[in-house]
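Below: the structure, in structure tokens.
Because the structure is predicted, anything quoted here is derived from the model rather than measured. Residue numbering restarts at 1 for every chain, and letters A, B, ... go by the order of the sequence lines. Worth knowing before you read on, the calculation uses all heavy atoms, side chains too, and leaves out hydrogens, waters and symmetry mates.
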2 protein chains.
Amino acid sequence: MSVKYAILGLLHYKDMHGYRVKEVIENEFGFMWSINYGQIYPNLKQLEQEGLVTKIDVAQRNAPDKKLYSITEKGEEAFTGWLNTAPERGMLIRDPFLLKFVFFSFSDKERALEIIEEQIRVYTADLSSRQHRYDHKQNENIHVRLMRELGISLNEMMLAWLERAKTEIAAEISSRRPRKAGIQ
Amino acid sequence: MSVKYAILGLLHYKDMHGYRVKEVIENEFGFMWSINYGQIYPNLKQLEQEGLVTKIDVAQRNAPDKKLYSITEKGEEAFTGWLNTAPERGMLIRDPFLLKFVFFSFSDKERALEIIEEQIRVYTADLSSRQHRYDHKQNENIHVRLMRELGISLNEMMLAWLERAKTEIAAEISSRRPRKAGIQ
DNA sequence: CCTCTCATGTAAGACGTTACATGATTCA
DNA sequence: TGAATCATGTAACGTCTTACATGAGAGG
């Protein structure tokens with residue numbers, strides 16, 4: 001949907017080839033975006049056909065040739081237009097863990113707790129890598145810095161919530177008061 | 001990907017028809033899931049073919065007929081198997097606003113602030129409707145209650161972050177120290 | 001020698017969204 | 001009369017993921 005504009009935005013910042021685009025998106029937008037070559041290369045081709053970017057082949061000595069893309073004036077206009085428009089739809093979180101979580105009342109409680117603990121480990125690792133990245137890169141650009149802070153806040157909030165969930169669910173197990181499950 | 005299991009999970013809780021499935025998903029998983037009939041009806045058909053659910057037609061007097069689906073034993077097994085398996089991939093947030101946000105260093109600062117303010121209004125409205133739902137529904141099921149709390153926490157965190165972002169960006173504008181933009 | 005990184009691509013399939021079609025009843 | 005709610009569905013179109021294919025150079 002907006003992969004196109006994400007690429008355009010990166011090319012607006014500097015010329016890049018497809019491989020680098022993926023790298024930057026993974027490093028910078030990794031917590032909110034996933035991308036793969038099956039999206040990048042066809043999109044770059046399409047952007048070129050639409051006249052929003054141009055391509056030059058660059059030969060390299062000790063690495064494969066690459067195709068450097070630059071944004072055109074028409075591309076700049078498209079990008080600016082998109083940027084100044086209010087975003088279409090709101091945030092969507094897709095997390096297979098959260099979906100399972102809602103149904104944990106129907107599952108073996110001990111197994112549910114195990115999965116929660118696994119998840120805590122995952123988020124803890126995520127948080128420390130984000131923290132590390134935040135501390136060890138210069139956060140010169142205010143927007144990029146704020147985004148990194150958001151990633152950290154999100155992670156911290158999830159962890160706090162998971163710990164609370166774990167405690168409450170564990171308490172329910174030990175007090176053995178099976179209640180009727182009820183969604184809505 | 002797991003729409004199938006979401007439906008199975010709801011049918012595990014009680015018999016439902018497609019229309020109701022959508023309603024429940026929107027109300028309960030609304031902040032992490034979006035769904036439409038184009039997904040539900042074909043999925044129900046497929047689940048039936050796989051023998052995971054069965055269907056009965058129910059005639060109604062003052063409303064159109066409906067097709068009530070029930071989970072089968074095979075369906076229960078499939079659901080339990082899925083539930084006890086560690087979730088595949090991690091959380092993915094898709095938010096067109098956040099994507100724009102990263103690029104706001106390239107945009108007209110005043111316009112960027114306007115968009116941020118719009119976003120604050122959106123999240124404020126979201127929060128109060130979630131708060132309202134939390135206060136006015138019985139939260140008998142611990143997992144459903146915890147999920148609602150997560151939604152509220154998420155909302156509060158986003159608002160706090162947006163307010164901070166707004167203040168910092170406004171401060172930058174008034175101090176007029178244009179810095180070089182830099183992603184990584 | 002084997003694996004990693006660099007680099008570009010395609011094809012098939014899964015998944016999701018939008019828009020349309022139908023039609024009765026209820027409520028203002 | 002018109003809109004909203006209840007209810008089911010499909011077709012077309014987009015988007016995303018997975019898996020494959022290719023190949024050179026660097027480093028252990």
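The listed nucleotides are C:dC6, D:dC16, C:dT8; the one nearest the side chain of A:P64 is C:dC6. For B:R20, taking side-chain heavy atoms from C-beta onward, the closest of the listed nucleotides C:dG9, D:dA7, C:dA7 is D:dA7. Side-chain proximity of B:E23 to the nucleotides C:dT8, D:dC6, D:dT8 is greatest for D:dC6. When each of D:dC16, C:dG9, D:dG9 is scored by its nearest atom to the side-chain atoms of A:V3, the top-ranked nucleotide is D:dC16.
There is a side-chain donor-acceptor pair under 3.5 Å between A:N36 and A:Q39.
At whole-Å resolution of the value, CD in A:Q39 and P in C:dA11 are 17 Å apart.
Between B:Y19 and D:dT8 there is no side-chain polar atom (N or O) within less than 4.0 angstrom of OP1 or OP2. When the side-chain nitrogen and oxygen atoms of A:R94 are compared with OP1 and OP2 of C:dC15, none of them lie within a distance under 4.0 Å. For A:N36 and D:dC16, the shortest distance from a side-chain N or O to OP1 or OP2 is not below 4.0 Å. Checking the phosphate oxygens (OP1, OP2) of D:dA7, a side-chain nitrogen or oxygen of B:Q60 falls inside 4.0 Å. An OP1 or OP2 oxygen of D:dA7 is reached within less than 4.0 angstrom by no side-chain nitrogen or oxygen of B:K22. Residue B:S34 places no side-chain N or O under 4.0 Å from the OP1 or OP2 atom of C:dG16. Side-chain N/O atoms of B:Y37 include none lying less than 4.0 angstrom from OP1 or OP2 on D:dG9.
B:D108 CG to A:L83 CG: the interatomic distance, rounded to the nearest 0.5 Å, is 9.5 Å.
For the pair A:K109 and A:F104, the cation-pi criterion (under 6.0 Å, within 45° of the ring axis) is not fulfilled.
With ring centers used as reference points, B:Y13 lies 6.0 Å or more from A:F103.
Residue order along DNA chain D, read from the 5' end via each residue's closest nucleotide, puts B:Y69 first among B:Y69 and B:L92.
Looking at B:E114 and B:R111, a side-chain N of the basic residue comes within less than 4.0 Å of a carboxylate O on the acidic one, giving a salt bridge.
B:K45 comes within 4.0 angstrom of sugar-phosphate atoms only, judged by non-hydrogen atoms across all strands, and of no base.
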